[in-house]
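These notes are about the structure you will find just below.
Lettering of chains follows the sequences in order, A, B, ..., and the numbering in each one begins at 1.
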Amino acid sequence: MTIELSKAYDPTDVEPRWYAEWIRAGHFAAQDTGDASNAYSIAIPPPNVTGSLHMGHALFCTIQDSLVRAARMRGRNALWQPGVDHAGIATEVVVSRLLALEGKSRKDLGREAFLQRVWQWKEQSGGRITEQLRKMGASPDWSRERFTMDAQCSAAVREAFVRLYEEGLIYRGERLVNWSVAAQTVISDLEVDRAEEDGELFSFAYPFADGSGEIVVATTRPETILGDTAVAVHPDDPRYKDAIGKQLKCPFHDRTIPLIADSILVDMAFGTGAVKVTPAHDFNDYETGKRHGLPFINVLNLDGTINAEGSRFAGLPRFEARKAVKKALNELGLARGSKQHRLAIAREARTNDVLEPMLLPQWYVHAKPLADKALAAVREGKTTIEPVEWVKTWEHWLTNIQDWCISRQLWWGHQIPAWYCAKCGAVTVARETPTACCKCGHDALEQDSDVLDTWFSSALWPFSTLGWPEKTKALETFYPTTVMETGYDILFFWVARMMMFGIHFMGEVPFKRVLLHGMVCDERGEKMSKVKGNVIDPLHLVYGATLDTVVEAANPPGTPADNALKKFKQCYPSYAEKTEGFPAFGADAVRFYLATNPPQAKRINLQLRQLERAKNFANKLWNATRFALPYLEPLRADGADGSLPPASAMSPADRWILSRLALTAQEVSDGLEGFRLDECTTAVRRFFWDELCDWYLEITKAVLNGTDEVAKDVTRRVLANCIESSMRLLHPFMPFVTEELWQKLPDAVRSKRRDGRPAEHLCVASFAEASEFARDEAAEREIAFVQGVITAARNIRGELGIKPKDAMTLILRTDDAAQRALLDRYEAQVKSLTIAHGLTVEAHGPKPKGVGYAVVDGAEVIVPLAGLIDPKAEAARLEKEIAKGKKDLEKCSKVLSNENFIARAAPEAVQSARDEQAALVARLSKLEEALVVVRDAES
RNA sequence: GCGGGCAUAACUCAGCGGUAGAGUGCGACCUUCACACGGUCGAAGUCACAGGUUCAAAUCCUGUUGCCCGCACCA
């Protein structure tokens with residue numbers, strides 16, 4: 001029964017079949033053995049429950065799944081811990097928008113009902129991203145899927161909060177924070193998006209209270225005048241020196257504020273050199289206010305309207321108030337003009353709302369002591385950060401760390417386990433809901449309405465998912481995790497915080513190695529964003545999509561189609577001419593392509609051509625296997641031996657390809673160890689395509705179609721093992737196509753599991769290791785010689801324009817017995833690969849006329865086809881070769897004529913230079929003789 | 001302003017002390033019995049610039065120029 005494969009590989013036919021199989025077999029399940037030595041674990045960076053798969057997810061999925069699959073095949077107890085986080089702000093924004101469609105607000109529903117709605121929404125659409133990860137071939141242990149809001153993770157959050165509070169590492173304090181009016185919550189400094197925008201710098205005058213003139217200041221936020229509590233100048237500024245200490249009259253209030261001197265805040269050269277100070281609404285002014293003991297006047301309500309402090313402007317929304325204040329100053333005759341001004345505006349990422357610095361009480365984590373331990377862990381090598389470039393950034397940030405504001409004024413999240421006593425005002429922080437105030441014992445307690453920052457629960461992820469605070473077998477087995485792999489953009493958000501909490505709560509780092517990847521960008525290197533219209537949905541690449549669909553997904557909803565298309569083509573120039581959208585590249589191709597990017601690349605410019613190449617590679621695997629399968633049929637016989645034959649039975653080509661395979665397996669192994677998936681994929685691609693397909697397969701055709709049954713058996717087994725091993729080496733990167741093809745191979749050649757048990761699927765078969773195959777340098781040299789001869793003959797053909805249909809014969813001359821033996825042995829292959837009709841192997845002799853000529857390792861390749869060869873062209877070709885040789889020889893001789901080189905360089909370097917020189921001299925003399933003969937024929 | 005990074009073939013990027021690499025693209029040829037999602041051959045780089053260390057530098061050091069990314073930013 002012969003297995004037939006279609007002519008071209010179709011991922012849409014193959015990919016959907018295997019995932020369910022793997023799941024059914026339970027291959028992704030990790031075991032809580034308690035044995036940490038054989039464990040390999042990666043905690044997934046939990047995607048937002050609101051999200052859908054983007055290229056960044058596809059990238060981490062590829063990298064992590066490749067590492068995990070390789071570990072699993074190597075017999076490690078591999079756990080890829082899956083899950084999603086609750087994404088406080090993002091989710092609340094999404095659900096609030098849905099409510100808005102019904103004409104309702106969050107507050108209309110109330111906390112309980114709103115949370116119900118969020119859970120409902122989460123149940124409906126929260127599973128989307130994990131479904132999408134399955135499409136990418138991800139192999140986490142789904143039975144352990146966690147959610148940051150589930151009971152286990154929530155218990156961990158509460159435990160962590162209470163412990164930190166009891167240890168004095170969490171406190172409540174009033175400070176200036178970034179308030180989002182739109183999201184109705186504070187956000188952390190890290191989540192602030194700053195971008196330059198055009199604004200207006202408005203100038204106005206503060207009159208001195210004593211009537212002795214005025215001082216002019218400027219502002220981009222005139223409404224903050226309502227909260228000014230000083231004007232500052234530089235102490236050394238001669239213009240204002242004498243006025244320091246005087247009082248200034250507030251335009252809208254019946255009060256005066258002082259003119260103070262501050263060298264930190266004030267830049268004499270900017271504007272008038274005088275700055276208004278609003279300590280409750282500006283970060284620099286806040287510091288200034290603390291330095292000078294100024295009052296802090298908050299003028300904003302949480303909804304962004306001006307509060308009672310704003311006198312007649314009270315109740316106006318902030319931007320209305322800005323206009324009104326300007327108008328009023330004009331009317332008072334205090335306006336002193338305005339000008340266009342570029343300034344960096346802070347916005348909240350999800351709502352794009354302008355953030356307002358506000359003085360509000362919030363909960364903080366005292367970060368310094370935690371950060372010091374995280375720093376030490378990396379310095380001591382307990383955790384390594386790769387690529388190493390990031391270590392400096394890590395150091396810089398952690399040494400200058402600010403306390404972490406962990407409270408958010410949201411409903412969706414872990415409510416802070418702190419209760420305030422209505423009677424004495426004391427705070428009770430507890431694991432279980434308390435019934436009495438810890439101080440006065442009264443029972444009138446109200447829980448803090450805020451929730452914790454999502455990153456707080458994410459920071460516990462590597463151990464909360466394993467059951468902490470319980471002492472579980474899972475923790476014992478998999479903590480510390482082996483690798484943390486994520487984007488460099490969340491080094492601070494997440495990696496640093498996991499390190500701090502991991503060390504603090506577990507007493508051990510949460511991961512031994514950190515691997516940071518870059519950002520997937522468009523073809524021009526621009527970060528993907530809907531605003532730019534360059535977002536590509538990875539699943540559109542996997543399954544294919546029409547151009548309309550692709551372009552629609554690239555832009556925000558509602559973008560006009562023609563405009564969207566134009567933007568898209570600008571971002572992806574290689575698609576400028578196309579009309580048909582994406583073909584189904586398949587998950588394997590997307591993965592393979594993503595894996596070819598080195599980890600130190602900060603930007604990964606999505607190159608659709610490269611992706612196409614990856615798809616073609618899958619097709620190559622398919623077709624090479626399709627070609628080989630019929631020849632492997634005898635291995636399906638009962639009791640057939642599919643193992644590698646002894647070296648003594650193998651031909652040089654057999655030993656050569658296995659030697660290359662050994663090298664490749666080593667490169668893949670090294671690449672995995674060093675997180676250089678680019679090197680892994682390059683190595684296997686080269687092996688399979690350039691070596692196995694282009695040479696070995698071609699060489700074996702003559703044998704497999706021949707009559708020598710013993711040779712056929714040997715070749716068949718070598719070929720089968722090469723293909724089988726290639727599938728094993730590639731499986732972590734391209735799980736679907738390799739599984740499909742591996743399943744089609746005869747049983748006798750399919751590898752077992754690492755522990756010797758049979759492997760029903762490739763995904764649990766033992767990984768291919770270099771030790772399975774022998775390096776054979778002699779065979780490598782021999783085949784390199786045969787390849788050299790073939791390439792030289794092809795070169796003559798190509799350069800001289802000898803068409804394939806032109807009958808060509810070859811004369812190969814060498815006095816070296818080993819070379820002659822090889823050429824005899826591979827006569828059929830040399831002929832077929834050069835399309836030569838005849839071939840003679842003989843000893844060196846006088847140069848014949850009218851021939852194409854080349855020298856390979858001292859052997860001569862002669863193409864005696866007088867009728868076909870243009871002597872002029874051949875002369876030109878030889879001259880080019882000679883010029884190249886002379887240049888090399890010159891370099892070589894120059895080095896060797898340097899006495900210092902002979903004396904100081906490594907002896908091997910000197911020897912190899914001498915060998916090189918000798919070979920070049922010999923080669924050149926042969927080529928020059930040949931040139932003379934050609935010129936003879938010409939004249 | 002402070003810190004970090006990058007400048008290598010037309011493009012995207014490897015290499016990081018011993019004679020310049022890959023893929024794509026480009027030019028020519030080939031539908032030869034797995035694959036045109038293929039095959040063969042070819043052209044193409046003074047490795048940003050200037051110094052220095054070394055027998056030897058794309059590779060190490062210093063400076064210059066040009067880009068990029070963080071952090072802090074002018075009221």
Can you identify which nucleotide, out of [options], has its nearest atom closest to the [X] side chain?
X         : options                : value
Thr791(A) : C74(B), C35(B), C41(B) : C41(B)
Lys615(A) : C37(B), G42(B), C73(B) : C37(B)
Asp694(A) : G15(B), G42(B), U40(B) : U40(B)
Pro804(A) : G23(B), C41(B), C30(B) : C30(B)
Lys602(A) : A34(B), G5(B), A75(B)  : G5(B)
Lys392(A) : G5(B), A75(B), G38(B)  : G5(B)
Leu343(A) : A75(B), U24(B), A14(B) : A75(B)
Arg603(A) : A14(B), C68(B), C73(B) : C68(B)
Lys620(A) : G15(B), C35(B), C13(B) : C35(B)
Arg613(A) : G23(B), A34(B), A36(B) : G23(B)

Are any of the side-chain heavy atoms of Thr224(A) and Lys276(A) separated by less than 4.5 Å?
-> yes

Give none if U53(B) has no partner; otherwise give the nucleotide forming a Watson-Crick or G-U wobble pair with it, both distances under 3.5 Å.
-> none

Paired nucleotide for C41(B) [Watson-Crick or G-U wobble; both distances under 3.5 Å] | G27(B)

[M] and [N], which share atom name [atom1], separated by this distance in whole Å:
N      : M      : atom1 : answer
G23(B) : G39(B) : P     : 11 Å
C2(B)  : U64(B) : P     : 13 Å
C67(B) : U62(B) : P     : 22 Å
A10(B) : G45(B) : C1'   : 11 Å
U8(B)  : G66(B) : C1'   : 16 Å
A58(B) : G42(B) : C1'   : 26 Å
G52(B) : G70(B) : P     : 38 Å
C69(B) : C16(B) : C1'   : 22 Å

Cationic tip of Lys701(A) within the cone over Phe627(A)'s six-membered ring, i.e. under 6.0 Å and within 45° of the normal?
-> yes

Using a 4.0 Å heavy-atom cut-off, does [X] contact any base of the nucleic acid, only the sugar-phosphate backbone, or nothing at all?
X         : result
Lys894(A) : nothing
Asn284(A) : sugar-phosphate
Glu679(A) : nothing
Ala906(A) : base
Asp267(A) : base
Lys701(A) : base

NE2 of His837(A) to NZ of Lys831(A), rounded to nearest 0.5 Å, is 9.5 Å

First locate atom CD1 of Ile723(A), then atom NZ of Lys744(A), and finally report the distance between them rounded to the nearest 0.5 Å.
-> 14.0 Å

Between the base of C29(B) and the side chain of Lys803(A), is there any donor-acceptor pair under 3.5 Å?
-> no

Quick one: the side chain of Glu698(A) and the base of A34(B), do they pair up donor-acceptor inside 3.5 Å?
-> yes

When you check the gap from the basic side-chain N to the acidic O, do Glu890(A) and Lys887(A) get nearer than 4.0 Å?
-> no

Which whole-number value in Å describes the distance from [X] [atom1] to [N] [atom2]?
X         : N      : atom1 : atom2 : result
Asp489(A) : C71(B) : CG    : P     : 11 Å
Ile723(A) : C35(B) : CD1   : C1'   : 13 Å
His517(A) : C13(B) : NE2   : C1'   : 18 Å

Taking for each residue the nucleotide of RNA chain B with the nearest heavy atom, is it Arg794(A) or Asn898(A) whose nucleotide lies nearer the 5' end?
-> Arg794(A)

Let me know, please, whether Tyr9(A) or Leu265(A) comes out on the 5' side of the other along RNA chain B by nearest nucleotide.
-> Tyr9(A)

Please state whether the rings of Phe617(A) and Phe688(A) are parallel, tilted or perpendicular, taking 30° and 60° as the class boundaries.
-> perpendicular

When the ring planes of Trp390(A) and Tyr488(A) are compared, do they come out parallel, tilted or perpendicular, using 30° and 60° as the limits?
-> parallel

